Asker: 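Submitted below is the structure of interest, expressed as structure tokens.
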Number of protein chains: 2
Amino acid sequence: MELSERKQKILAAVVEQYIKTGEPVGSKVLLDSLDMSVSSATIRNEMSDLVMLGYLDQPHTSAGRVPTHLGYRYYVDNLMKNGELNEETRRLIDAGVETSAGDPERLLEHAGEVLAYLTKCAAVMTTPAGESARIKRVELVPISSRTVMIVLLTSNGILRSKLCRMDMGITTSMCETFYNIADAALIGVPVRNITPAYLQSLAATLGMETLSMFPLLSTVADLSQSAIQSQVMLEGQSNLLHHREYEGRAYELLEFLSREDPLEQLIGQSRSDFEIRIGKENIFPQLENSSLILAKYSIGEDGGGSIGIIGPTRIDYPRLIPSLKYISGLISETMQKALED
Amino acid sequence: MELSERKQKILAAVVEQYIKTGEPVGSKVLLDSLDMSVSSATIRNEMSDLVMLGYLDQPHTSAGRVPTHLGYRYYVDNLMKNGELNEETRRLIDAGVETSAGDPERLLEHAGEVLAYLTKCAAVMTTPAGESARIKRVELVPISSRTVMIVLLTSNGILRSKLCRMDMGITTSMCETFYNIADAALIGVPVRNITPAYLQSLAATLGMETLSMFPLLSTVADLSQSAIQSQVMLEGQSNLLHHREYEGRAYELLEFLSREDPLEQLIGQSRSDFEIRIGKENIFPQLENSSLILAKYSIGEDGGGSIGIIGPTRIDYPRLIPSLKYISGLISETMQKALED
DNA sequence: TTTAGCACTCTTATCATTCGAGTGCTAACT
DNA sequence: AGTTAGCACTCGAATGATAAGAGTGCTAAA
């Protein structure tokens, strides 16, 4: 849909004004902020058209105009000029991220905190996905006579552990057997291949002696399972309460955000490196008044995850997008540096 | 402060009625729920006394009465009869906790979820404190030519890991040296003893060869540090938004809860096994309209942590306390079972 | 000491009124 | 054909008056 230059100018002005004030914007206010040499009546006509086209909405007949999600979309795609990342912000981000290079999860957590602080929105992060990760190491740690802790480490640095309780006492020979099996049939195997079916076939090959191994092996499968699933983290939920648009309606959103499954789904849908989903563009009805901005960070060829912000549709896109892009880039860089060499 | 039996009866009735409805309770309503053979005027007189004594408050001259934090306190200490844990609730708790016996953190998380669901409040949990824990195992896992992951396991089952980046390449001899040091001077040492000072003295004893070990050792110190600190977890924050008393005021509380440090402090203060802090009894002003109910769970002699709920002062104490006690008992039991033998 | 009765207080809901921001339309103008 | 001034109109927000209702405190009698 092509818009005349003047309509574009007006639409941009409405969006920007509304982002700034949160009040429906009328033709008079626009006159000031636009320094065009036209009258308010002309602007009214143009705005009326924009309403027809679906880019603007008016809460009631005698109110100013408010952008629809289509309006925001047009603005974001065609009109918006991304702001510069100011020096102070950059420093803040650097400081937040650099402190915790050693631990991916902590790194993400800190990045989320900074992001939430900067944007006054909620930040979501996913831990690096282990899609193509392989098992790097499996350790057995005796805890008591009948309990061992199994520790699993994957090639992309994910560490998972779980207790496993055995029916009989744990012997060194059992451990040896287990390590043998592990060396032969677990180490180096892609995590996603470690399925119950795989274990079945393993048991068949190895015969009787694996019987006592079964609890251990199935624990390994559990761990593999949980290593694949990238966890979702959330920071700064309470920031959302500051925004007028959620007044009284905050519960639905916060409740939605507090459940991991839908959140995972939400973020998992994304395929591109950078994505903005505005209001009703989101599939989940709980987000129909919110915008999601997602950026991917990457580690090496295959690995990576996402970091993003969730806030009202009336969010300061031009200011926040550069921050998010910078932060995701920095995460990629930092994680890469830690892992590769 | 001794109260006449009738005053006690009235106080109890006011508290219970207010818990049920959230409306200031007047003398008439009390008449019904009290089936005493007195008139409303008598009750009014008594209530007037209770206001003088500080147990009740009235929002304005012609409103009913509302319990003060002293009123709740008197009720909780002297008047309340704990309810029975109903069968369905017990089953729900059992189901929530049993599913994840293998992993202490996950166990707590699930317990918190169930608790939040049952109480419609926020649930807080701390991971088992490692006060007297010892280092059980230290592992070096090469990640790349210059990066190793160090994994620390303590006697109470806490697992921590961190990447450590070295200036020079990692050799097998370095690893051997490290393991030797670890065996000699780390394994079995109480975690809280692993301080920078301890490492200094270690370096002095071992001489030059430890120089290259220093990054590794100080990472071990970091990990020990973080193993000591029991983490605080939070579930069901969004539940709080349901309560009228937080309407419009929710931000302060949620913001407070989202910060780990004060939360840790809050829970750390507790010394007894079971504790109730009502409204202004809390030190933090953000909690002056909230109640905290905390129960300790224990593992063995020394270890343990807390689980509790945070909600409005107008909380259904008699119903929720049994649930909390049951859940904390179950956590103790389950964790114990997993670790000991 | 208790109680009935009653005047009084304060909140809440409702409704009419007003005010003002902003619109849409029309007719005139360039 | 597009633009503009002018004006009637709409709708929400604010204001204020009024009424209803809940609950109290006090007084005088039982």
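All heavy atoms count here, side chains included; hydrogens, waters and symmetry mates do not. A note on names: the letters A, B, ... follow the listed sequences, proteins ahead of strands, and every chain is numbered from 1. This one's a predicted model, so the numbers in the text were calculated from it and none came from an experiment.
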Asker: Give the rounded distance in Å between these two atoms: CD1 of B:Ile10 and C1' of C:dT2.
Answerer: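 Rounded to the whole Å, the gap is 13 Å.
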Asker: Can you measure A:Arg44 atom CZ to D:dC9 atom C1' for me and round it to whole angstrom units?
Answerer: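 After rounding, the reported distance stands at 13 Å.
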Asker: Okay, side chain of A:Ser272, backbone of A:Glu275: is any donor-acceptor separation there less than 3.5 Å?
Answerer: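 Looks like no, no N/O pair under 3.5 Å.
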Asker: Give one of base, sugar-phosphate or nothing for B:Ser40, where a contact means two heavy atoms less than 4.0 Å apart.
Answerer: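 Answer is nothing: B:Ser40 stays at 4.0 Å or more from every strand.
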Asker: Would you call B:Lys280-B:Glu288 a salt bridge at under 4.0 Å N-O?
Answerer: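 Salt bridge flag = no for B:Glu288 with B:Lys280.
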Asker: What is the distance from CZ of B:Arg6 to C1' of C:dT3, rounded to the nearest Å?
Answerer: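 One finds 12 Å between C1' of C:dT3 and CZ of B:Arg6, rounded.
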Asker: Would you say A:Ser39 reaches D:dT3's phosphate, i.e. side-chain N/O to OP1/OP2 under 4.0 Å?
Answerer: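 Answer is no, no contact under 4.0 Å.
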Asker: Report the C-alpha distance between B:Ser48 and B:Arg65 in whole Å, list the side-chain angles of each, state the deciding distance to 0.1 Å, and finish with yes or no for side-chain contact (heavy atoms from CB on, under 4.5 Å).
Answerer: CA-CA 9 Å; B:Ser48 179; B:Arg65 303 312 210 283; 4.2 Å; yes
Asker: How long is the line joining CG of A:Leu56 and P of C:dT23, in whole Å?
Answerer: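 Spelled out: CG on A:Leu56 to P on C:dT23 is 11 Å.
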Asker: Whole-Å distance between D:dT24 P and B:Lys28 NZ?
Answerer: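 Between P of D:dT24 and NZ of B:Lys28: 9 Å.
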Asker: If you pin B:Ser37 and A:Met47 to their nearest nucleotides in DNA chain C, which one's is more 5'?
Answerer: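 Result: B:Ser37.
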Asker: Could you give the CD1-to-P distance, from B:Ile43 to D:dG23, as a whole number of Å?
Answerer: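 Distance, rounded to whole Å: 12 Å.
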Asker: Can you figure out which of D:dG23, C:dT3, D:dC11 approaches the side chain of B:Asn45 most closely?
Answerer: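 Nearest nucleotide to the side chain: C:dT3.
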Asker: Using a cut-off of 6.0 Å, state whether more than 12 heavy atoms not belonging to A:Tyr117 lie near its atom OH.
Answerer: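 Open: at most 12 neighbouring heavy atoms sit under 6.0 Å from OH of A:Tyr117.
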Asker: Look at the side-chain N and O atoms of A:Ser62 and state whether any lies under 4.0 Å from the OP1 or OP2 oxygen of D:dT10.
Answerer: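 False: A:Ser62 side-chain N/O out of range (4.0 Å or more) of D:dT10 OP1/OP2.
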Asker: What is the distance, to the nearest angstrom, from the CD atom on B:Gln58 to the P atom on C:dC8?
Answerer: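 It works out to 19 Å between those atoms.
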Asker: Among C:dA4, D:dT4, D:dC11, which nucleotide sits nearest the side chain of B:Ala41?
Answerer: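 Ranking C:dA4, D:dT4, D:dC11 by closest atom to the B:Ala41 side chain puts C:dA4 first.
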Asker: Are A:Thr42 and D:dT4 close enough that a side-chain N or O sits under 4.0 Å from OP1 or OP2?
Answerer: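 The answer is yes; a side-chain N or O of A:Thr42 sits under 4.0 Å from OP1 or OP2.
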Asker: Do any side-chain nitrogens or oxygens of A:Arg65 fall under 4.0 Å of OP1 or OP2 in C:dG24?
Answerer: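 Looking at the OP1 and OP2 atoms of C:dG24, one of them is under 4.0 Å from a side-chain N or O of A:Arg65.
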Asker: Would you indicate, yes or no, if D:dT24 has its OP1 or OP2 atom less than 4.0 angstrom from a side-chain nitrogen or oxygen of B:Ser27?
Answerer: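 Yes.
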Asker: Would you mind reading off the distance between B:Glu23 atom CD and D:dT24 atom P, rounded to a whole angstrom?
Answerer: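 To the nearest whole Å, that distance equals 14 Å.
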Asker: Side chain of B:Thr61: nearest nucleotide among D:dT4, D:dG25, C:dT9?
Answerer: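 When the side chain of B:Thr61 is considered, C:dT9 is the closest of D:dT4, D:dG25, C:dT9.
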Asker: Evaluate whether atom CD of B:Glu245 has more than 12 neighbouring non-hydrogen atoms of other residues, nucleotides or ligands under 6.0 angstrom away.
Answerer: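 Enclosed: over 12 neighbouring heavy atoms sit under 6.0 Å from CD of B:Glu245.
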